[in-house]
Amino acid sequence: MNKAHVLTGITTTGTPHLGNYVGAIRPAILASKDPNVIPFYFLADYHALIKCQEPERVRQSSLEVAATWLALGLDTSNAVFYRQSDVPEILELNWMLSCVTAKGLMNRAHAYKAAVAENEQDQAADTDKGITMGLFGYPVLMAADILMFNAHKVPVGKDQIQHIEMARDIAARFNHIYGEHFVLPEASVETNGATLAGLDGRKMSKSYNNTIPLFEPEKKLKKLINKIKTNSLEPGEVKDPEGCTLFSLYQAFATPAEVAIVRQRYAEGIAWGEMKGILFETINEHIAPARERYEALLQAPDHIEAELQMGAQKARALSAPFLQKLRAAVGIAKL
Ligand code: TRP
């Protein structure tokens, strides 16, 4: 039986936070244990350049993201774990795909439209002000990531579904012109606690600056949890778990039985201070063993690099011959 290719990437611009973990990394590691699946998990470092022009941050983030996957127990004997920039075929494919992608399709991409809308709001003379070709073509690079390895399933957050649909469109267009080369990928969206709330109650996200870093040292983790916004109900007053940031975070880490108990405590008017204590203990216990491995890995970048090189070798064993086939298909060949 042919194994299903499951592929996802993380852009290397920041430090992984609890929202990334619950929404993306934890389910991806779980999925990687399925013997019928070949997982392709990669550091999207060329994607990082779209949003971030601080070299040191891109490099540091690559280290942290890679250490995170390994600390959480990604089995790299089965998974293909690599850095996008170590697979130059992806950028070559990016160009081939660009040449079959309608500009109009890119005009409809959310990230680009949001940037234009912002310029319109600021009444900028040029609505494309500050928008790079990198941002504009971002969905094509993402399509190249996905199509290079003929991924069947792409686990992503809701905000990325449009990009997977664009990758399908682009693949279908290429196939129509040059023959059946690409699998049409499908998005798979994690619905189980997919959006975790952050410190201020909005979705936990780098762009809202409300995140709790996944491997924050214990003391800092405690401090951050104490900062989570609650309403002003007093101890003893009945509290509603629905829509409560503390409760939603708790649900992402506790067992159903534990959640049922805490739900009851809400009805009895648990104090916010006590709930924060319970939440801290639960998250900390869950994370502590991986955090220890993470800290050790950060001290051993050579080990991480060796893992990435092994992954790059496995990836290129597929991408290099595939790209040769694609080059021939479009008429780029030795005479
Ligand atoms: N753009 C994705 C994000 O910001 C990251 C990403 C890059 C990705 N390439 C990908 C995800 C390919 C899935 C497949 O979350």
Side-chain angles (χ1 to χ4, degrees), residues 4-17 19-29 31-32 37-52 57-58 61-62 64-66 68-69 79-91 93-94 97-98 101 106 109-115 132 134-171 182-190 194-196 203-208 211 311 315 318-319:
H5 290 187
V6 174
L7 176 144
T8 197
I10 294 195
T11 307
T12 54
T13 47
T15 298
H17 56 71
N20 299 140
Y21 172 65
V22 170
I25 307 176
R26 184 168 66 182
I29 288 184
S32 78
V37 158
I38 304 182
F40 291 80
Y41 296 155
F42 69 98
L43 311 178
D45 55 351
Y46 272 129
H47 280 273
L49 303 190
I50 297 168
K51 309 189 240 183
C52 178
R57 179 144 159 237
V58 173
S61 172
S62 301
E64 291 177 356
V65 173
T68 298
W69 283 96
V80 184
F81 178 59
Y82 57 101
R83 184 165 40 203
Q84 181 185 36
S85 59
D86 283 335
V87 184
E89 290 80 14
I90 294 171
L91 287 188
L93 178 57
N94 179 60
L97 298 179
S98 288
T101 301
M106 296 298 99
H110 295 318
Y112 172 65
K113 272 179 36 180
T132 63
L135 177 68
F136 188 65
Y138 155 43
V140 184
L141 181 55
M142 202 163 145
D145 290 330
I146 296 167
L147 303 181
M148 187 82 256
F149 297 104
N150 273 324
H152 304 92
K153 281 219 147 53
V154 185
V156 283
K158 279 199 215 84
D159 58 319
Q160 296 288 326
I161 296 175
Q162 187 197 34
H163 296 143
I164 313 306
E165 285 165 358
M166 290 179 160
R168 281 178 74 88
D169 282 356
I170 295 169
F182 295 125
V183 166
L184 303 189
E186 261 169 51
S188 72
V189 178
E190 175 68 20
T195 40
L196 207 62
K203 175 189 168 184
M204 190 180 289
S205 160
K206 272 186 285 208
S207 29
Y208 292 150
T211 65
L318 297 168
S319 63

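Whatever order the structure lists ligands and atoms in, that order sets their numbers, starting from 1.
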*Asks:* Nearest 0.5 Å, what's the CD1-CD distance between I170 and E165?
*Replies:*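 I170 CD1 to E165 CD: 12.0 Å, rounded to 0.5 Å.
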
*Asks:* What verdict does the side chain to side chain donor-acceptor pair (under 3.5 Å) test give for D45 and S62, after you've listed the backbone C-alpha separation in whole Å, the side-chain angles of each residue and the deciding distance to 0.1 Å?
*Replies:* CA-CA 7 Å; D45 55 351; S62 301; 5.0 Å; no

*Asks:* Got a donor-acceptor contact below 3.5 angstrom from the R83 side chain to the L43 backbone?
*Replies:*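 Side chain of R83 to backbone of L43: no pair is present.
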
*Asks:* Taking the ring of F149 and the ring of F42, is the distance between their centroids below 6.0 Å?
*Replies:*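 Between F42 and F149, the centre distance exceeds or equals 6.0 Å.
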
*Asks:* Quick test: of every protein heavy atom, which one is nearest to atom 9 (N) of ligand 1, and how far off is it to 0.1 Å?
*Replies:*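 The closest one turns out to be D145 OD2, 2.7 Å.
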
*Asks:* Where is the nearest protein heavy atom to atom 6 (C) of ligand 1: which residue, which atom, and how far?
*Replies:*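 Result: G9 O, 3.7 Å.
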
*Asks:* I need the single residue from R57, H47, K206 that forms a side chain to side chain donor-acceptor pair (under 3.5 Å) with T13. Which is it?
*Replies:*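 Among R57, H47, K206, the one that satisfies the side chain to side chain donor-acceptor pair (under 3.5 Å) with T13 is K206.
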
*Asks:* Does some side-chain heavy atom of F40 sit less than 4.5 Å from a side-chain heavy atom of F81?
*Replies:*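 F81 does not reach F40 side chain to side chain.
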
*Asks:* Look at atom 10 (C) of ligand 1 and say which protein heavy atom is nearest, naming residue and atom and giving the distance to 0.1 Å.
*Replies:*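 Among all protein heavy atoms, the one nearest atom 10 (C) of ligand 1 is M142 CG, 3.5 Å.
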
*Asks:* Check ligand 1 against V154 and write out every atom of the ligand that is under 4.0 Å from a heavy-atom position of the residue.
*Replies:*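 Listed by number with element, the hits are 13 (C), 14 (C).
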
*Asks:* Using a strict 4.0 Å cut-off to heavy atoms of T8, name the atoms of ligand 1 that fall inside it.
*Replies:*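 It comes down to these atoms of ligand 1: 11 (C), 13 (C).
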
*Asks:* Which of the numbered atoms in ligand 1 are below 4.0 angstrom from a heavy atom of H47?
*Replies:*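 Heavy-atom distances to H47 below 4.0 Å select 7 (C), 9 (N).
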
*Asks:* With a heavy-atom distance limit of 4.0 Å, tell me whether H163 approaches ligand 1 through its side chain, its backbone, both, or neither.
*Replies:*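 For H163, no heavy atom sits under 4.0 Å from ligand 1.
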
*Asks:* Answer yes or no: is there a side-chain heavy-atom contact under 4.5 Å between D145 and V87?
*Replies:*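 No; the side chains remain at least 4.5 Å from each other.
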
*Asks:* So which protein heavy atom does atom 3 (C) of ligand 1 come closest to, and at what separation?
*Replies:*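 So the nearest neighbour among protein heavy atoms is Q160 NE2, 3.4 Å.
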
*Asks:* Using a strict 4.0 Å cut-off to heavy atoms of I146, name the atoms of ligand 1 that fall inside it.
*Replies:*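 It comes down to these atoms of ligand 1: 12 (C), 14 (C).
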
*Asks:* Quick one: do the K51 and T11 side chains pair a donor with an acceptor below 3.5 Å?
*Replies:*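 Checked: K51/T11 side chains show no N/O donor-acceptor pair below 3.5 Å.
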
*Asks:* Should the proximity of I164 to ligand 1, defined as any heavy atom under 4.0 Å, be assigned to the side chain, the backbone, both, or neither?
*Replies:*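 For I164, no heavy atom sits under 4.0 Å from ligand 1.
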
*Asks:* Can the ring centroids of Y112 and F136 be said to lie less than 6.0 angstrom from one another?
*Replies:*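 Under 6.0 Å, so yes.
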
*Asks:* With a heavy-atom distance limit of 4.0 Å, tell me whether Y46 approaches ligand 1 through its side chain, its backbone, both, or neither.
*Replies:*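 Y46 to ligand 1: no contact under 4.0 Å from either part.
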
*Asks:* Atoms of ligand 1 less than 4.0 Å from F42 heavy atoms?
*Replies:*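 Answer, ordered by atom number: 9 (N), 10 (C), 12 (C).
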
*Asks:* Answer yes or no: is there a side-chain heavy-atom contact under 4.5 Å between M166 and M142?
*Replies:*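 Not touching, per the 4.5 Å side-chain cut-off.
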
*Asks:* Is the contact between V156 and ligand 1 made by the side chain, the backbone, both, or neither, using heavy atoms and a 4.0 Å cut-off?
*Replies:*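 For V156, the contact with ligand 1 is made by the side chain alone.
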
*Asks:* Please state which protein non-hydrogen atom is closest to atom 1 (N) of ligand 1 and give its distance, to 0.1 Å?
*Replies:*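 I find the closest protein heavy atom is Y138 OH, 2.9 Å.
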
*Asks:* Using a strict cut-off of 4.0 Å, indicate which atoms of ligand 1 neighbour a heavy atom of T11.
*Replies:*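 Ligand 1 atoms under the 4.0 Å threshold to T11: 3 (C), 4 (O), 5 (C).
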
